[in-house]
Amino acid sequence: MIESLKALLAGWKETRSITLVFLNELSETDLDKKLPRKKLNTIRLQVYELTLFQRDVVGSLGTNALAYEEEYKYVNMPTQSIIEKMAELDTKFEKALETLSGNEMMDYYGQQRNVHQIIAMMISHEEMHIGQIIAFCYATGIEIPQSVSEQMALEG
């Protein structure tokens, strides 16, 4: 794997580890607590959406366009099933990166983006949801896991 993709993969793993902390350390009640949001109104649904987006990005690597499989349908998967799906997608992602030269270009809604931009977009998408999850924890009284608070220098 080329060095720039290794660096993106390392960033991805760090970001994904934060999402997994929330899944592993929050209670089922907290994962399903209603949030002030229309569609993705639980932490569980937000995390499930991350798997759908990653599925589409990983499935598109090595092609000429970022393609979405279908209109997203959000379901309340059991926590362990989400964790297993994330592990499966992370393995596919790493294997896909091994096949890339780093020069691949992909169509993203009519704009040409290189593979580095697409992967960075996937990372920033996950980070955006982590930020929302943290804000919703503050807003709804869900205790943020200590390791997340420490890693992100949060005030608790």
Side-chain angles (χ1 to χ4, degrees), residues 1-26 28 31-32 35 37-137 144-145 147-148 150-154:
M1 182 183 312
I2 66 169
E3 289 303 312
S4 57
L5 292 178
K6 282 182 186 177
L8 284 170
L9 178 61
W12 170 255
K13 287 181 177 183
E14 186 170 332
T15 298
R16 175 50 56 90
S17 73
I18 296 168
T19 304
L20 289 169
V21 167
F22 281 106
L23 278 176
N24 285 309
E25 294 190 23
L26 293 184
E28 297 294 313
L31 290 173
D32 294 324
L35 306 173
R37 186 174 173 172
K38 291 182 182 177
K39 282 189 180 177
L40 300 175
N41 64 348
T42 67
I43 292 171
R44 182 185 311 277
L45 288 173
Q46 286 203 35
V47 172
Y48 176 70
E49 191 269 346
L50 292 171
T51 68
L52 298 176
F53 187 71
Q54 184 184 7
R55 174 202 66 197
D56 291 344
V57 170
V58 171
S60 298
L61 291 176
T63 71
N64 63 355
L66 181 56
Y68 296 97
E69 238 180 66
E70 59 194 44
E71 183 178 331
Y72 290 170
K73 295 176 181 73
Y74 304 112
V75 297
N76 284 308
M77 284 180 73
T79 303
Q80 190 56 40
S81 296
I82 296 173
I83 291 168
E84 290 168 5
K85 185 66 174 172
M86 287 180 156
E88 173 191 325
L89 288 165
D90 287 347
T91 299
K92 287 180 180 179
F93 178 51
E94 194 161 352
K95 285 180 182 176
L97 292 181
E98 292 285 349
T99 68
L100 301 176
S101 69
N103 297 317
E104 293 81 3
M105 298 297 291
M106 298 172 73
D107 180 83
Y108 179 71
Y109 293 105
Q111 294 182 351
Q112 288 297 302
R113 306 250 173 112
N114 71 38
V115 69
H116 294 86
Q117 291 171 299
I118 297 295
I119 294 167
M121 182 179 60
M122 185 177 81
I123 295 168
S124 66
H125 176 249
E126 186 124 352
E127 290 169 341
M128 180 271 302
H129 276 284
I130 290 168
Q132 285 188 349
I133 290 167
I134 289 168
F136 289 143
C137 285
I144 297 169
S147 62
V148 173
E150 289 171 1
Q151 183 176 0
M152 301 186 83
L154 302 176

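If you read the sequence from its start, that first residue is 1, and numbering goes on from there.
Contact record, Leu45 with Thr42: N-OG1, 3.0 Å, taken as the closest heavy-atom pair. Taking each heavy atom of Met121 and Arg113 in turn, the nearest pair found is SD-NH1, 4.3 Å. Of all heavy-atom pairs between Glu25 and Ser147, the closest is OE2-OG, 4.0 Å. Of all the heavy atoms in Met86 and Thr51, the pair that sits closest is CG-CG2, 3.7 Å. Taking each heavy atom of Ala67 and Asp56 in turn, the nearest pair found is O-CB, 3.5 Å. Between Met106 and Thr63, the shortest heavy-atom contact is CG-O, 3.5 Å.
Side chain of Thr79 to backbone of Leu23: no donor-acceptor contact under 3.5 angstrom is found. Using a distance-only test at 3.5 Å, with no hydrogens or angles considered, a donor-acceptor pair links the side chain of Arg44 to the main chain of Met77.
Ion pair Glu98/Lys95 not flagged as a salt bridge, since none of the NZ, NE, NH1 or NH2 atoms sits closer than 4.0 Å to an Asp/Glu carboxylate oxygen.
Atom CG of residue Leu5 and atom CD of residue Glu3 lie 9.5 Å apart, to the nearest 0.5 angstrom. For the atom pair CD of Gln80 and NZ of Lys85, the computed distance is 14.5 Å after rounding to the nearest 0.5 Å. Atom OG1 in Thr99 sits 9.0 Å away from atom CE in Met1 (nearest 0.5 Å). For the atom pair Asp90 CG and Arg16 CZ, the distance stands at 4.5 Å (nearest 0.5 Å). Rounded to the nearest 0.5 angstrom, Ile130 CD1 and Thr19 OG1 are separated by 3.5 Å. With rounding to the nearest 0.5 angstrom, the OH atom of Tyr48 is 15.5 Å from the CG atom of Leu31.
Counting only heavy atoms from C-beta outward, the side chains of Ile119 and Phe93 approach each other to under 4.5 Å. Side-chain contact between Arg55 and Leu89 is present, with heavy atoms from C-beta onward closer than 4.5 Å. Between Arg37 and Gln46 there is a side-chain heavy-atom pair separated by less than 4.5 Å. Inter-residue side-chain proximity for Phe22 and Ile134 is flagged as met; some heavy-atom pair is nearer than 4.5 Å. Under the 4.5 Å side-chain criterion, counting only non-hydrogen atoms from C-beta, Pro145 is not in contact with Asn24. Residues Trp12 and Leu8 form no side-chain contact, since every pair of their non-hydrogen atoms from C-beta on lies 4.5 Å or further apart. Side chains of Ile2 and His116 form a contact here, defined as non-hydrogen atoms less than 4.5 Å apart. At least one side-chain heavy atom of Glu14 sits under 4.5 Å from a side-chain heavy atom of Gln151.
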Exercise for review: Assess whether side-chain contact (heavy atoms from CB on, under 4.5 Å) is satisfied between Leu66 and Val57, documenting all intermediate values.
Suggested key: CA-CA 6 Å; Leu66 181 56; Val57 170; 4.0 Å; yes

Practice item. List the steps, then state whether side-chain contact (heavy atoms from CB on, under 4.5 Å) holds for Ile133 with Val47. Key: CA-CA 9 Å; Ile133 290 167; Val47 172; 4.1 Å; yes

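Of the N and O atoms on the side chains of Glu94 and Thr91, not one donor lies less than 3.5 Å from an acceptor on the other residue.
Using cut-offs of 30° and 60° on the angle between ring planes, the pair His125 and Phe53 is tilted.
Atom CD of Glu84 sits in a crowded spot, with more than 12 heavy atoms from other residues, nucleotides or ligands closer than 6.0 Å.
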